[in-house]
Amino acid sequence: MGSYIPADTRETDAMLDAVGVASFDELYRQVPPEARIDHLDIAPGVSEIEALAHMEQLAERNTRFASVFRGAGAYRHYIPAIVRTVTAKEEFLTAYTPYQAEISQGVLQSIFEYQTQVCELTGMDVSNASVYDGATAAAEGLLMCLDRRRDAVVVSGTAHPQTIETIRTYCASRKVSCTVVAATADLSTDAAGIAAALDATVAAVYVQSPNYYGIIEDVGALAEAAHGAGAKLVQGFNPISLGLIRTPGEHGADIAVGEGQCLGLPLGFGGPYLGIMCADKGMVRKLPGRIVGETADADGRRAFVLTLQAREQHIRREKASSNICSNEALCAMAASAYLAALGDAGLARVAELSYAHAHYLADRLGEMGFALLSDKPFFNEFATSCPKDAAIIEEALAERGILSGLPLPEGMLWCATELNTKIEIDALIDALREV
Amino acid sequence: MKLLFERSTAGHRHTIMPELDVAVPELPSSLRRATRPHLPEISEIELGRHYTELAKQTHGVNDGFYPLGSCTMKYNPRVNEAAAALPGFTDIHPLQPVSTIQGALGVLAEAADLLAEICGMDAVTLQPAAGAHGEYTGLLLIRAYHLDRGDTGRTEIIVPDSAHGTNPASAAMTGFTVVSVPSNAEGGVDLGALRAAVGENTAGLMLTNPNTLGLFDPNILEITRIVHEAGGLCYYDGANLNAVMGHVRPGDMGFDCMHVNLHKTFSTPHGGGGPGSGPVGCKDFLAAYMPGPLVRRGAGGYEFFAPEKSVGRVRSFHGNFLVVVRALAYMVMLGSEGLAEASAHAVLNANYLLKRLCGQWSIPFGEPCMHEFVIDVAPLKAKTSVSAMDVAKRMLDFGIHPPTMYFPLIVHEALMVEPTETESREELDTFVDIMDAIYREALETGEELHGAPFGCAIGRPDEVAAARNPRVRYDFGGER
């Protein structure tokens with residue numbers, strides 16, 4: 001059996017002796033005998049070689065596609081080699097939440113750098129140290145806006161369906177009314193429908209842009225409408241898109257939330273990912289989770305600490321702004337290293353390549369009878385009609401090592417990033433000719 | 001240490017992205033961002049050295065003893081990392097056709113089955129991303145169960161005063177009112193207070209056992225019976241599961257649902273604060289309320305299914321999958337006896353430390369403790385003015401991460417020590433020597449310890465100033 005215990009039986013016996021017990025069983029003497037078990041009904045342990053072989057067998061039963069045209073909330077971007085080097089450093093990997101600032105300046109400073117970078121990216125004032133993922137960030141962002149008079153939220157139905165479902169879950173348990181306004185026929189937000197839903201009980205409006213269908217929404221107009229009704233505007237964003245398109249800050253959003261996976265994290269079957277949360281500075285004391293701040297020690301040396309902890313569960317208990325404790329710190333560090341490695345020019349290039357490839361892909365698919373379902377501007381995703389049964393197309397492309405767009409009730413949702421080169425897109429079109 | 005932004009030099013760069021290979025269509029200026037973000041311009045060697053320097057200013061488990069109570073800072077095995085880095089796991093999209101992700105569903109199914117057996121539960125979801133997220137999910141199940149039965153008056157969750165802060169915070173997030181019950185003189189749940197607290201408003205009890213004093217509550221079966229007889233359900237906070245694997249199961253103690261922390265008990269790394277993973281287990285009668293989708297074995301292999309009365313998603317996709325991969329590698333490798341041995345040694349190490357320290361230090365509860373125990377620095381403070389904070393800060397000079405400070409709240413000068421099973425006797429003896437030395441310093445030159453640590457990169461930071469005037473991002477001023 002495998003073991004990570006640095007003790008042999010001689011040492012163990014000596015320790016049992018020192019404690020004054022004859023056996024391990026005696027250490028469990030407080031446990032009611034009728035609740036004790038003598039073994040777990042699971043397989044015996046194995047060696048490292050056997051354990052890894054078992055995991056490799058499982059991994060081999062997954063298909064890795066050479067070519068991926070699917071996004072829908074999880075994006076295959078290139079991960080610069082240095083990003084994995086950084087997050088593999090054992091100090092970062094094996095430390096926990098930096099409660100002891102004097103021996104945790106490395107982690108604390110990296111979070112401060114992350115907070116700065118995502119504020120720059122989004123055009124917002126403040127950021128926390130991360131939450132679980134983009135969906136929970138959206139839910140937490142909306143809950144931040146509630147007050148005694150306003151206990152309802154309005155969500156545009158163009159957001160990612162899983163984000164909407166998560167928001168519904170978070171709202172239901174708090175008895176917060178959640179109205180989802182269905183998308184228009186051109187797959188964008190129904191601004192009139194949102195406006196009609198805005199009353200004196202609405203605390204916040206959620207809109208995702210680019211939305212689930214890839215369309216760049218008119219967030220500025222929605223922010224104005226929300227503000228006009230005394231509500232806040234929470235915008236969901238795709239971080240890569242902000243290398244090119246208008247930021248939540250420029251739109252006048254009060255809170256910006258996003259899925260940070262595209263910033264240097266692998267697809268990883270959906271996690272761990274990174275929930276980015278930024279806000280207007282007036283809302284900093286309502287943010288959930290850890291926040292790192294700059295201060296100094298008694299000798300005036302710059303120091304970073306976990307700050308504004310009076311918001312948090314370990315201090316405020318049931319009055320905390322959220323129950324979050326563990327977050328996604330190492331993922332935030334990956335995102336920070338990613339943004340640093342690319343710089344503004346590199347980020348702009350990723351965004352431009354993704355945008356350009358998606359538009360080239362849309363043109364080529366158009367030739368094959370996949371018509372755009374909307375004429376609104378899009379970033380790197382778009383929905384099309386499907387000239388054949390989507391499931392047949394998905395399967396036929398899969399046989400050729402290509403992960404197709406995602407089948408939707410309306411057709412298919414396609415995605416391109418910097419990794420979907422012109423050559424790859426042309427090969428997709430050739431494959432489609434054979435289907 | 002310089003910040004990333006202070007290392008930036010105009011024109012320094014690292015070429016990662018290729019040139020454009022297709023034309024860029026016009027994007028109207030109304031859609032373009034108007035201002036560019038300040039991101040550092042930095043070459044790869046500068047970036048590499050930056051993070052190496054930051055790493056040197058970070059204490060991880062591999063840097064030395066890390067007895068942070070309730071956090072189970074055990075060794076993070078390397079084979080787990082090797083498994084999680086397999087391209088067959090890292091390079092798969094969460095929305096791939098089911099026939100192309102049979103291995104991933106196998107990971108979820110195998111991990112769920114193992115956790116169910118270890119915990120004595122019937123169904124497990126791996127969707128929650130962390131312990132607190134698991135608590136929230138478990139409470140959603142309890143809420144849904146009562147509402148489904150038309151039992152709408154059950155609005156209260158009972159939480160002992162020794163509970164983790166996440167317990168009451170999770171209850172509040174789920175819309176419950178928190179009822180706190182005091183501990184008894186032995187540090188366990190006060191049965192009289194519990195009987196007085198339960199009633200027709202009781203939705204449930206949240207309990208960690210062993211509790212935050214490191215004590216296994218011998219009345220546990222009576223506690224869960226009292227709650228059940230009042231019509232409530234029992235939630236087990238699995239933060240301290242590392243004490244009991246293979247010896248006693250929450251399901252057999254009378255708990256109806258629970259979470260486990262894969263980043264504690266199941267050896268996955270803590271990552272400087274995350275990612276963790278907080279799978280939730282429940283008994284059969286709650287399984288229909290689980291967040292979906294769940295995985296089961298069908299005729300054609302593994303498949304997803306939606307629980308019939310699901311509370312809905314608590315996050316996107318399938319949870320922190322790569323964390324689950326690590327935990328599965330750990331469970332497979334240790335197996336039935338290995339997991340039981342890990343817990344037994346975690347308890348032995350704690351009792352050994354307790355025994356060696358209790359002559360000098362006040363340890364009000366224990367003997368036997370489980371996987372952790374709490375030192376009360378109050379008697380020393382009364383004698384010397386040296387506080388738990390001072391003791392903790394002095395430890396930093398010896399290359400040790402201090403125990404959890406000032407928790408649980410019921411011990412006012414608490415240091416909560418959890419050595420874990422992956423520390424050797426030699427390491428524990430060294431810790432005792434350091435504690436002895438600090439005790440002597442407190443008696444001899446106590447006042448000086450208010451200034452500890454003396455040899456770290458920084459002294460105690462001014463936290464009050466940080467909170468009064470929050471500076472939570474770098475100020476670029478007019479520079480570019």
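Chain identifiers are assigned alphabetically (A, B, ...) following the order of the sequence lines, protein sequences preceding nucleic acid strands; residue numbering begins at 1 within each chain. Worth knowing before you read on, the calculation uses all heavy atoms, side chains too, and leaves out hydrogens, waters and symmetry mates.
- Interface summary for chain B: among A:His359, A:His314, A:Gln115, A:Glu48, the most heavy-atom pairs under 4.5 angstrom belong to A:Glu48.
- Under the 30°/60° scheme for interplanar angles, the aromatic rings of A:Tyr4 and B:Tyr75 are found to be tilted.
- Per-residue counts of heavy-atom pairs under 4.5 Å with chain B were compared for A:Lys175, A:Arg290, A:Glu56; the largest is that of A:Glu56.
- Of all the listed residues (B:Ala130, B:Ala344, B:Ala172, B:Pro28), the one sharing the greatest number of non-hydrogen pairs under 4.5 Å with chain A is B:Ala344.
- Contacts between A:Leu403 and chain B at a heavy-atom distance below 4.5 Å involve the side chain alone, from C-beta outward.
- With a 4.5 Å cut-off on non-hydrogen atoms, A:Val86 touches chain B through its side chain but not through its backbone.
- For A:Glu394, the part sitting under 4.5 Å from any heavy atom of chain B is the side chain, from C-beta outward, and nothing else.
- Side chains of A:Ser336 and B:Tyr51 form a contact here, defined as non-hydrogen atoms less than 4.5 Å apart.
- A distance-only check finds no donor-acceptor pair linking the side chain of A:Asp297 to the backbone of B:Ile458 [under 3.5 Å].
- Within the 4.5 angstrom heavy-atom criterion, atoms from both the backbone and the side chain of A:Ala18 approach chain B.
- Of the two parts of B:Met405, only the side chain, counted from C-beta on, holds a non-hydrogen atom closer than 4.5 Å to a non-hydrogen atom of chain A.
- Only the side chain of A:Lys89 comes within less than 4.5 Å of a heavy atom of chain B; its backbone N, CA, C and O stay farther away.
- When heavy atoms are compared at a cutoff of 4.5 Å, B:Arg32 approaches chain A by way of both its backbone and its side chain.
- With 3.5 Å as the limit, one finds a donor-acceptor pair spanning the side chains of A:Ser3 and B:Glu341.
- Between A:Tyr273 and B:Phe317, the ring planes lie perpendicular to each other; the angle is over 60°, past the 30° to 60° tilted range.
- At a 4.5 Å heavy-atom cutoff, the contact between A:Ala135 and chain B is made by side-chain atoms alone.
- Heavy-atom distances place both the backbone and the side chain of A:Thr169 under 4.5 Å from chain B.
- Residue A:Glu60 does not touch chain B at all, counting heavy-atom pairs closer than 4.5 Å.
- B:Pro368 and A:Gln30 get closest at one heavy-atom pair: CG-CG, 4.1 Å.
- For B:Arg425, the CZ atom counts as densely surrounded, since its 6.0 Å shell holds more than 12 non-hydrogen atoms of other residues, nucleotides or ligands.
- Looking at A:Ala43, only its backbone comes within 4.5 Å of chain B, counting heavy atoms on both sides.
- The greatest number of non-hydrogen atom pairs below 4.5 Å with chain B, out of A:Ser104, A:Ala356, A:Gly106, is found for A:Gly106.
- Residue A:Asn327 touches chain B through both its backbone and its side chain, counting heavy-atom pairs closer than 4.5 Å.
- B:Arg473 and A:Cys119 get closest at one heavy-atom pair: NH1-CB, 3.5 Å.
- For chain B, the nearby part of A:Glu250 is the side chain; its heavy atoms alone come within less than 4.5 Å.
- Highest contact tally toward chain B, considering only A:Ile103, A:Leu330, A:Thr97, is held by A:Ile103 [criterion: heavy-atom pairs under 4.5 Å].
- With sequence neighbours excluded, the residues forming a side chain to side chain contact (heavy atoms under 4.5 Å, CB included) with B:Pro470 are A:Arg285, A:Leu308, B:Val472, listed by chain and number.
- Remark: side-chain polar atoms of A:Arg61 are not paired, donor with acceptor, to backbone N or O of B:Ala104 under 3.5 angstrom.
- Note: B:Asn76 leads B:Asn76, B:Ile220, B:Leu215 in heavy-atom pairs under 4.5 Å with chain A.
- At a cut-off of 3.5 Å, with distance as the only test, no side-chain donor of A:Thr94 or B:Asn62 sits close to an acceptor on the other residue.
- Proximity to chain B involves both the backbone and the side chain of A:Pro44, based on heavy atoms less than 4.5 angstrom apart.
- Ranking A:Gly293, A:Gly73, A:Ala74 against chain B, the residue ahead of the rest is A:Ala74, based on heavy-atom pairs under 4.5 Å.
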Side chain to side chain contact (heavy atoms under 4.5 Å, CB included), that's the test. Do B:Leu20 and A:Leu353 meet it? Break it down for me.
CA-CA 6 Å; B:Leu20 289 157; A:Leu353 280 165; 3.6 Å; yes
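- Distance CD/A:Glu102 to NE2/B:His59: 13.0 Å, rounded to 0.5 Å.
- Taking the six-membered ring for Trp and thresholds of 30 and 60 degrees, B:His133 and A:Tyr132 have ring planes inclined between 30 and 60 degrees apart.
- Heavy atoms closer than 4.5 Å to chain B are found in both the backbone and the side chain of A:Leu339.
- Both the backbone and the side chain of A:Leu16 come within contact range of chain B, judged by heavy atoms closer than 4.5 Å.
- Of the possible polar contacts, one joining the A:Thr295 side chain to the B:Asp462 backbone as a donor-acceptor pair under 3.5 Å is found.
- If you tally non-hydrogen atom pairs under 4.5 Å between each of A:Gln313, A:Glu91, A:Glu328, A:Arg317 and chain B, the highest count goes to A:Arg317.
- For B:Phe407, the ring pair (Phe, Tyr, Trp, His ring centres under 6.0 Å) criterion is met by B:His164, not counting sequence neighbours.
- Of all heavy-atom pairs between B:Pro97 and A:Arg70, the closest is CD-NH1, 3.9 Å.
- No more than 12 heavy atoms of other residues, nucleotides or ligands sit less than 6.0 Å from atom CD of A:Glu395.
- With a 4.5 Å cut-off on non-hydrogen atoms, B:Ile16 touches chain A through its side chain but not through its backbone.
- Each of B:Ser424, B:Gly131, B:Ala342 has some count of heavy-atom pairs under 4.5 Å with chain A, and the biggest count is that of B:Ser424.
- Between chain A and the options B:Pro218, B:Cys456, B:Gly312, B:Gly459, heavy-atom pairs under 4.5 Å are most frequent for B:Gly459.
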